[in-house]
Student: 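First the structure, which I've put down as structure tokens, then a few questions once you've had a look.
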Protein chains: 2
Amino acid sequence: MNKLFLTEQFNDSISGVAYKSIHQKKRLLAYFAEHGPSAIGDLRRALHLSVPKVTALLNELMEEQFVKDYGKDNSTGGRPPNLYDLAAESAYFLGVDVHRTFVNIALTDFQKNIVKIKEQVPYTLSNTQESLDALCLLIKSFMKELGQSREKILGIGVNLTGRVNSATGFSYSFFHFEEQPLSEVLKDKLGIQVVLENDSRAMAYGEFAAGVVEQERNVLFLNLDYGIGMGMVLDGQLYYGKSGYSGEVGHMPVFDNNIICQCGKKGCLETEASGWALEERFKTRVRNGATTQLVQNQEHLKTIDLEAIIQVAESDDVLAIELIAEIGEQLGRGIAALINVFNPELVVLGGSLAATGDYIRLPLLSALNKYSLSLVSNDTALKVSNLGNRAGVLGACLLVQHRFLATKA
Amino acid sequence: MNKLFLTEQFNDSISGVAYKSIHQKKRLLAYFAEHGPSAIGDLRRALHLSVPKVTALLNELMEEQFVKDYGKDNSTGGRPPNLYDLAAESAYFLGVDVHRTFVNIALTDFQKNIVKIKEQVPYTLSNTQESLDALCLLIKSFMKELGQSREKILGIGVNLTGRVNSATGFSYSFFHFEEQPLSEVLKDKLGIQVVLENDSRAMAYGEFAAGVVEQERNVLFLNLDYGIGMGMVLDGQLYYGKSGYSGEVGHMPVFDNNIICQCGKKGCLETEASGWALEERFKTRVRNGATTQLVQNQEHLKTIDLEAIIQVAESDDVLAIELIAEIGEQLGRGIAALINVFNPELVVLGGSLAATGDYIRLPLLSALNKYSLSLVSNDTALKVSNLGNRAGVLGACLLVQHRFLATKA
DNA sequence: CCTTCTTTTTGATATTTTTAAAAAACAAGC
DNA sequence: GCTTGTTTTTTAAAAATATCAAAAAGAAGG
């Protein structure tokens, strides 16, 4: 058994005892990843194995440095069990969260801790080979700054906006220059396995695995930015749909207006309930003479952008707060529909607009009561992301880890 | 090993080799249920077991009469493999599909064949103890008519409209008279394990397991009747949501009208795109002088109901067809939203309105092109149910079978 | 009709895994 | 501080399972 048996994940042809061993070990590691420090007894029950077998597996994993003995647990009356958990420094995962004007890069260890993070690294995303090369350069320079952990990086997770098919590794909205899937192209350039993911889905996973989500197994995550994206965790699993295009809530036809959406259609949720709509409305109101902290005279009008509006909202700008509440109220219409369809346990508000906290959450909540079936919406909690703008990178890292520990059937 | 080891499903405490054996056998049976006749080689690969082990398990299952040897497969060049499959007559499942004015009851064998079916048995569903007792009586009298198959019924599936939590066995909209879950109450009355399910979900499962669905793993099933229900199969699993209330698409707020929905809100999808809306519009049009096969004079107006409209549509009544097309078009608005959210491989139209076939499907299809993102909707096929009004009963039967064969982890 | 080729099935052996019993580790009470 | 009770861990024997080689069962071609 190779020390890096984890990388065997892409080898499907193994069978018999070799497969079984890898499978069992992965299940153990996945259990640790989900439940934290555990005793042999817990593992036995969860994996349906005998105690001696678990002991043997743990010994192997400890030999291979993936697992550590974390000492005794509090006694429950008799002999206290030994606790085991993942060895933090045995493997690392790199996450790259690509935005339109910047990139977040982070490295996490095997225990999901952020080892190193660089946020808001300037970068311009465009659908060109140069932009792709620049991204690779950024990643490489980040890796250069790492110590011995560099050799232990098992995989790199990359979040992109738009249409991403995580299973095949294809990105269609950006960097689709070759016949090969982008994940392969990147793997060749960076020398490490690459997992591609849609940005909203990665954020959703971040919150699910290490964020505001606790025990909930059915969670909707809304990525509120200029547009509206959604990532879903259903029955404890990230949901992709047929080709990984799921979660396009921004273009749900819920309004009867005449605003032309970017997608070319009318009545989309995004036309009235997005950061884009917020910015437009804010500008219109200012033009019509509304007062705000943000603009003293018409000259400043062009400095208004979504980020600025969110910022002044935090310092209690009346106009910003009023308009954000409006957005929240209208968003409620869409989310109500989603709650009726999914009956989720939790809806998480994330993305840049979520930074406004209760300013958007409370109006949304009252809209939910108005639009969704009460019995269903009573089942559903509404929380604001607690990872904030780190949800994306963290999600990218953790998704790679998850991929490595995943075993089908 | 008891012959009826299948009933051990509710016993969670078994462990070790006993658990393993049951688990393995169930996996074998589940594989047969999903894939039909299979050779040892297929089973070996799918279950990650050795050939001698599979042989031994099959021998046991054949001893227990659950599996039969179905002779040789066509050779692929060498020795032809033996094919094995479920023994049809080894176990039976009873399904009860409860509607407001009638009940469908059916018995299926272990190979998913309908052994006996009674459709449209008159019955009045109301939320009273009498109605519940009457239902039990119907079921019992159906069972009395069965031969030796009666003793081999492993479980009874019951479909109810409204809010049903299949996991706990509680029904909230109907028959919630005791503290005990309704499934337990029924089990006590009927003497056999009962599985409760929401009607739309059961229909969805019926189509998924034995209907129009082929290889697709992400399927939305629409139950188009007076109201609109939805059942979803996501990643090959029936989706329930937190408490089993998922799929409430009828009350998605997508219109900007002033029609008050049954749920008390305005703008619901149901107000313009349901059987209820169809009937209302039909009546209004007739009142305003439109001509139709259905009504010669105003006297006949009260005989109009959804079923009648669907019937005359089939005999090419212009008004009916025109209005059904309208409904389809408006339904498209809602389904477009769902397609954007789920990126399903297939949307199945079921329920009584689906009997109108292309009359509803084609307008719906063109609306989909109008309202949903083309890239996403190109992924999605739209088909009409092929089980028709048997989807419900069959779904009920097959869901029970599925429950028995299900193994967690 | 026999030989050769391919693939499945069976059987014997080796390995893995479980079971059950013994040992070890700690808490609490005397 | 020792004994007893409880729970975990280790150990060795028993059971289950996989591997590998041999046999069997057809198909194809001469």
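Letters go in sequence order (proteins before strands), and every chain restarts at 1.
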Student: Looking at the side chain of A:P52, which of C:dT18, D:dT17, C:dC26 is the nearest nucleotide?
Tutor: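 Output: C:dT18.
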Student: Give the rounded distance in Å between these two atoms: CZ of A:R45 and P of C:dT18.
Tutor: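 Nearest whole value for this atom pair: 15 Å.
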Student: Looking at C:dT10, D:dT10, D:dT9, which one has an atom nearest to any side-chain atom of A:P81?
Tutor: D:dT9
Student: Could you state the CG-C1' distance from A:L49 to D:dT9, rounded to the nearest angstrom?
Tutor: 16 Å
Student: My understanding is that only one of B:V54, B:L57, B:L49 makes a side-chain contact (heavy atoms from CB on, under 4.5 Å) with B:I40; could you say which?
Tutor: B:V54
Student: Rounded at 0.5 Å granularity, tell me how far CD in B:E216 sits from NZ in A:K242.
Tutor: 8.5 Å
Student: Of the options C:dT9, D:dT17, D:dT10, whose atoms approach the side-chain atoms of B:N82 most closely?
Tutor: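 Nearest nucleotide to the side chain: C:dT9.
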Student: Does the side chain of B:Q24 get closer than 4.0 angstrom to OP1 or OP2 of D:dT17 through an N or O atom?
Tutor: yes
Student: Whole angstroms only, please: what is the NZ-P distance between B:K20 and D:dA15?
Tutor: 15 Å
Student: Between C1' on D:dT19 and NE2 on B:H48, what's the gap in Å once rounded to a whole number?
Tutor: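 Result: 17 Å.
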Student: What's the closest nucleotide to the side chain of B:K53 if the choices are D:dT10, D:dT17, C:dC26?
Tutor: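 My answer, after comparing the listed nucleotides, is D:dT17.
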Student: Looking at the base of D:dT7, is there any donor atom on it, or on the side chain of A:R79, that sits under 3.5 Å from an acceptor on the other one?
Tutor: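 Result: no qualifying N/O pair found.
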Student: Which whole-number value in Å describes the distance from A:L57 CG to D:dT10 C1'?
Tutor: 16 Å
Student: Give the minimum heavy-atom separation between B:L94 and B:V400, together with the two atoms involved.
Tutor: O-CG2, 4.4 Å
Student: Kindly point out which of C:dT18, C:dT10, D:dA18 is positioned nearest to the side chain of B:S50?
Tutor: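 Nearest to the side-chain atoms of B:S50, counting from C-beta on, is D:dA18.
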Student: Nearest-Å distance, CD1 (A:I40) to C1' (C:dA25)?
Tutor: 14 Å
Student: For B:I156, which of B:L186, B:I192, B:V195, B:L196 qualifies under side-chain contact (heavy atoms from CB on, under 4.5 Å)?
Tutor: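 Per the side-chain contact (heavy atoms from CB on, under 4.5 Å) rule, the option paired with B:I156 is B:I192, out of B:L186, B:I192, B:V195, B:L196.
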Student: Without hydrogens or angle criteria, can the side chains of A:Q148 and A:Y92 be said to hold a donor-acceptor pair below 3.5 Å?
Tutor: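 There is no such pair (donor and acceptor under 3.5 Å, judged by atom type) between the side chains of A:Q148 and A:Y92.
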Student: Separation of A:L83 atom CG from C:dC26 atom C1', in whole Å?
Tutor: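 Spelled out: CG on A:L83 to C1' on C:dC26 is 15 Å.
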Student: Rounded to whole Å, please give me the gap between CD in B:E60 and C1' in D:dT17.
Tutor: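 Checked: the CD to C1' distance equals 13 Å.
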